[in-house]
Structures are given as structure tokens and as C-alpha cells.
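Below: one structure, written as C-alpha cells.
Lettering follows sequence order; numbering is per chain, from 1. A quick note: this is a predicted structure, and the numbers were derived from the prediction, not measured.
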Protein chains: 2
Amino acid sequence: MRHGRTTLGILGGMGPLATAEFYRRLVRGTPAGRDQEHLPVLMWADPGVPDRTAALLGRGPSPVPAMVEGARWLSRAGATCLAVPCNTAHAFLGQVSRAAGVEVLDMVGAALAAAAGRAPGTRRIGVLATRGTRTAALYERAGHRLGLEVLQVCDRVQRECVDPAIRAVKAGSAGDAAERCIERAVHSLADRGAQAVIAACTEIPLVSGPAARVLPLTDSTDALVDLALARLWQAPRTSWQGTVTAG
Amino acid sequence: MRHGRTTLGILGGMGPLATAEFYRRLVRGTPAGRDQEHLPVLMWADPGVPDRTAALLGRGPSPVPAMVEGARWLSRAGATCLAVPCNTAHAFLGQVSRAAGVEVLDMVGAALAAAAGRAPGTRRIGVLATRGTRTAALYERAGHRLGLEVLQVCDRVQRECVDPAIRAVKAGSAGDAAERCIERAVHSLADRGAQAVIAACTEIPLVSGPAARVLPLTDSTDALVDLALARLWQAPRTSWQGTVTAG
């Protein structure tokens with residue numbers, strides 16, 4: 001872009017609705033008084049990127065080549081750094097960042113930092129996520145780097161509560177049953193000592209109303225919006241740099 | 001993109017919220033059963049594009065060079081055709097399409113066709129728009145091509161009703177007063193024989209609830225979503241090609 005301003009690249013399409021919701025919240029959350037004060041944004045949303053969870057489970061092709069292609073296009077077009085509004089895709093972002101030579105914002109770290117910041121002394125964070133995000137241990141590893149303990153629900157609660165709730169939302173049935181599932185999952189995390197919880201899958205916030213009364217609930221998409229604005233719209237607000245390291 | 005599918009390019013940022021809303025409705029409106037069935041989308045959203053209305057009134061620089069830069073990038077990255085979710089920008093799309101060598105979907109024509117299709121025999125279409133869109137006579141000229149009569153509100157109603165309602169929404173005050181303004185504007189169009197009305201500015205649908213009970217109301221953003229899906233997600237549904245001609 002020609003205006004010499006920092007530009008956000010969105011590597012999206014994983015899935016499309018999460019991407020659209022991220023961009024909408026980014027615009028709504030930007031403290032701009034007029035159009036021209038908003039962030040320049042470039043987006044590459046290819047829903048044909050191979051399934052990330054399948055790849056992590058060894059059951060499908062790697063999404064990395066397609067993601068690198070998108071990251072390179074965004075970088076060449078002038079993106080200062082990239083946002084990827086998909087938790088599971090974060091398992092591949094180190095590779096993508098290195099191959100494309102572009103900085104990628106870390107939604108997982110941002111969500112953990114936001115959850116820990118909800119109240120003083122919060123160190124044990126529960127996570128509600130897809131099986132792909134769990135398998136890659138994304139939150140556990142990021143929590144270790146940040147000095148936070150990450151709790152996942154047990155296999156039974158994942159199977160009986162989290163998976164059915166996500167499936168219900170994807171099928172357009174975001175009703176009471178799914179809300180009760182997520183509430184029960186958060187109760188199980190609270191029973192084990194979690195002080196806060198992260199909705200680390202874009203479907204979950206749609207059915208987390210009752211659950212948010214059990215523990216403070218952080219939406220990972222909101223955390224990525226806040227991080228993008230802090231990095232690009234104004235000077236960084238914290239010393240934590242918030243990018244996926246290429247190491 | 002690598003998947004050999006048709007790809008939609010969004011030349012956006014004019015303004016950012018209209019762009020975000022267009023993309024969200026595109027995803028919501030896509031009859032896809034899974035992520036991989038959604039349209040691949042590329043977006044170039046530069047809010048720094050010079051003001052279109054100011055250019056049309058001879059009070060500011062042309063937005064064409066910045067729009068051509070974005071259109072070229074989208075085309076080179078693989079966009080099959082472009083959507084521009086801004087009515088006023090349509091005044092420049094012929095130039096942009098020619099300079100960048102890429103097809104641009106015609107939101108103005110799509111909105112008129114959708115409004116005319118609301119009921120048999122609908123030929124007189126009222127339009128609620130910004131002064132920029134009025135000055136460029138975008139709807140009048142497209143209506144002429146489609147054999148439709150286009151009615152604008154009179155200057156007084158524009159000044160006393162439409163302009164204040166748009167300003168109120170932009171300022172975050174989408175309340176009863178703005179709704180009454182738009183309702184009064186639509187009554188004035190109905191009194192002059194309009195059979196349907198187009199909300200040809202992205203702010204207006206937010207305060208058009210009561211007005212939509214006066215005349216059938218078409219949202220131009222929805223018309224662009226429908227056109228994009230008809231052109232790219234499946235075979236065209238009509239013989240009308242719906243693109244801005246480069247002539």
C-alpha cells in the first residue's frame with residue numbers, strides 16, 4: 001500500500017466465519033474517528049487450505065504450503081505483520097513465519113496473557129478447544145513460556161460436552177443444550193482449580209453465556225484483535241512482543 | 001490461489017465497517033456445508049483511499065490511482081472479479097476496471113435489479129443515498145440502462161432527513177430520531193410514486209426498520225452479496241451479467 005502506514009495482513013479462511021468475525025471486531029474495536037484512521041488491511045482467505053486438525057493427527061496433507069503462499073503474498077503486498085484467526089493453525093505458524101519471512105501475531109499467547117490479566121494472581125487457566133488444538137498442546141507450551149499453568153478438560157468432558165457443543169454451533173444449533181454443555185465443562189475446570197477460562201475455538205463464545213458466570217471467560221478472537229491494535233494502531237502497550245518466534 | 005477455483009477480490013476500506021459487514025454477510029449467505037466449500041476471498045482494504053465524494057464534488061484528489069493499485073494486486077494474486085462494497089466508489093469503477101484489466105461487480109445495477117424484482121411491475125425505484133452517489137447520478141444512469149425510473153428525495157428531504165440520519169449512524173446514534181428521518185424520506189418517495197426503495201448507503205439499513213413497512217426496502221450490500229455468490233459460487237442465475245462495462 002502506498003500510504004507508508006503499518007498494514008495488517010489477515011491469513012484467513014480457516015474458517016471463513018471466524019475470519020469475518022475477526023475483521024468485523026477489529027474495525028469495531030479500532031478507536032478511529034473517521035475512515036482514514038483505520039488500519040490498512042490485506043486479507044488472504046482460502047478455505048481450501050488443508051484441514052489443520054487432520055494434519056496434526058497424521059490423517060491429511062500439511063496446510064503449510066498453502067499458508068506460506070498466502071503469507072508471502074500478504075508480505076509482498078506490504079503487510080507489516082500477520083494475524084491468523086484460527087487457534088489450530090497456530091501449530092504451523094513458526095514454519096510459516098520462517099518460510100515467508102514475515103512476523104505473525106500470536107493469538108494463543110495473547111489469549112493467555114489476557115486471561116491472566118483478568119484478576120491479580122491468576123495463574124491457572126482453563127482452556128476449551130478443539131481436539132486439534134489440544135493435540136498440538138498449543139496452550140500448554142505457550143503457558144509454559146508465560147509461567148502459567150494450563151488446564152484442559154478431561155477426555156470424557158471433551159467428548160460429552162465440548163465436542164458436541166462445537167458441532168451444534170457449526171450445525172447452526174446454538175441453543176440451551178450446547179450452553180449447558182459448555183457450562184458443565186467450565187464447572188469441571190473450576191473444580192480443578194482453574195481461575196479463568198479461554199474460549200479457544202471460535203464456536204464456543206456463541207454458547208458461553210451461562211459458563212461466563214462460572215469463571216471469567218476470555219475469547220481468543222478478542223485477544224487477537226486487541227493484540228493487533230496494540231501492535232499496529234499505536235505504540236505497543238506492553239513489553240511482551242506477542243509474535244510467534246521464528247526459532 | 002492454488003486451487004483452481006474462482007476467487008473473489010474485495011476492494012474495500014471505503015469504509016472499513018461496510019467492508020467487514022459485506023464479507024460477514026457473504027460468508028453467512030454462502031450455502032456451504034463445510035469450510036472448503038466457501039469462496040476463496042482476497043481483500044485489499046485501504047482506508048487511506050482519498051474521499052470519493054470530495055473528488056466527485058471537485059474538492060479533493062482522485063481516488064482512482066489508489067483503487068487501481070489495489071485492483072491490480074487483487075487481480076495478480078488471482079481474483080476472478082472484484083466487489084467494491086461502497087456505492088459512491090462505483091462512480092470510478094469503469095476507470096479502475098479498464099486500468100487494472102479486471103472485471104468489477106456492479107452493486108448499483110444489482111441493487112436496482114433486486115428492488116425491481118421485489119414485486120411484478122415494479123418500475124419506479126426510490127433511492128436513499130449520500131450526496132456523492134446523488135451527484136454522480138449512479139442510480140439514474142444504471143436505471144436508464146435497465147429500463148427503470150429512479151427517484152431521489154428532494155433537496156429539502158435530503159438535507160432534513162437523509163443526511164442527518166447518516167450522520168447519526170456514523171456518530172453511533174442509531175436511534176428513534178434517525179429512524180423517523182428515514183421513514184419520512186421513504187414516505188416522500190412513496191408519495192411521488194416509488195414502488196420500492198433502495199438503501200444505497202451502508203448506514204441507512206441500521207435505521208430503516210419503520211421505513212421498510214412503508215415500501216419494500218432493498219439493502220445494496222445484500223444485493224452485492226447475492227450477485228457475488230451468483231457469479232462465483234455457482235453458475236449465473238440470470239442472463240444479466242452484472243459487471244461494470246469497461247466502455
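- Here the CG-CZ distance, from L17(A) to R24(B), works out to 8.0 Å after rounding to the nearest 0.5 Å.
- Considering all non-hydrogen atoms of both residues, P40(A) and P47(B) come closest at CA-CD, 3.6 Å.
- Atom CG in L42(A) sits 8.5 Å away from atom CG in D46(B) (nearest 0.5 Å).
- Of the atoms belonging to T19(B), heavy atoms from both backbone and side chain fall under 4.5 Å from chain A.
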Residues V41(B), M43(A); criterion side chain to side chain contact (heavy atoms under 4.5 Å, CB included); working and verdict: CA-CA 8 Å; V41(B) 171; M43(A) 188 178 81; 3.7 Å; yes
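- Counted within 6.0 Å of CZ on R76(B), heavy atoms from surrounding residues, nucleotides or ligands total 12 or fewer; the atom is thus considered open.
- The candidate with the highest count of non-hydrogen atom pairs below 4.5 Å against chain A, out of T30(B), V27(B), I10(B), is V27(B).
- Other residues, nucleotides and ligands contribute more than 12 heavy atoms inside 6.0 Å of the CZ atom of R141(B).
- Ranking P16(A), G13(A), G12(A) against chain B, the residue ahead of the rest is P16(A), based on heavy-atom pairs under 4.5 Å.
- A distance of 5.5 Å separates CG of L74(B) from CH2 of W73(A), quoted to the nearest 0.5 Å.
- Residue A45(A) comes nearest to Y23(B) through the heavy atom pair CB-OH, 3.6 Å, listed as atom of the first residue, atom of the second, then distance.
- The distance from atom CZ of R28(A) to atom CD of E21(B), rounded to the nearest 0.5 Å, is 7.5 Å.
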Tabulate below the donor-acceptor pairs under 3.5 Å that side-chain atoms of residues 52-62 of chain B make, not counting sequence neighbours, or state none.
residue	atom	partner	partner atom	Å
R52(B)	NH1	V49(B)	O	3.3
R52(B)	NH1	P50(B)	O	3.4
S62(B)	OG	V64(B)	N	3.0

